[in-house]
Amino acid sequence: MLEKLDERATSALLSLDSGDLAYCLKLTKRFEQMGVSPQHASNALCTLVDNGNLEDLYQAG
């Protein structure tokens, strides 16, 4: 699915440090397994990155 993300989501992912990036890549794989469309996955990832709370999310999970 990563290659199907829109340009905004790809750019957001490239701005992350390695820990956050690894977490988001796991999310994209999970989204694909759940049948989430690439557009919805892109929107979700951008929202997570824009909110800047990724570390809190993956440490809680």
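The basis for the numbers below is simple: all heavy atoms, side chains too, and nothing from hydrogens, waters or symmetry mates.
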Only distances under 3.5 Å count here; give the side-chain donor-acceptor pairs of residues 25-34 to other protein atoms, sequence neighbours excluded, each with its distance to 0.1 Å.
residue: T28; atom: OG1; partner: L25; partner atom: O; Å: 2.7
residue: E32; atom: OE2; partner: M1; partner atom: N; Å: 3.4

message: Once salt bridge (charged side-chain N to carboxylate O under 4.0 Å, His left out) is applied, what residue pairs with a partner in residues 33-48 remain, sequence neighbours excluded?
response: none
Under 3.5 Å, which donor-acceptor pairs link side chains of residues 40-48 to any protein atom two or more places apart or in another chain?
residue: H40; atom: ND1; partner: S37; partner atom: OG; Å: 2.8
residue: S42; atom: OG; partner: D6; partner atom: N; Å: 2.9
residue: S42; atom: OG; partner: P38; partner atom: O; Å: 2.9
residue: N43; atom: OD1; partner: Q39; partner atom: NE2; Å: 3.2
residue: N43; atom: ND2; partner: Q39; partner atom: O; Å: 3.4
residue: T47; atom: OG1; partner: N43; partner atom: O; Å: 2.9

- prompt: Which residues satisfy the side-chain contact (heavy atoms from CB on, under 4.5 Å) test with T10, sequence neighbours excluded?
  reply: L5, L14
Within residues 34-51 or reaching into it, pairs that qualify as salt bridge (charged side-chain N to carboxylate O under 4.0 Å, His left out) - sequence neighbours excluded: R8-D50
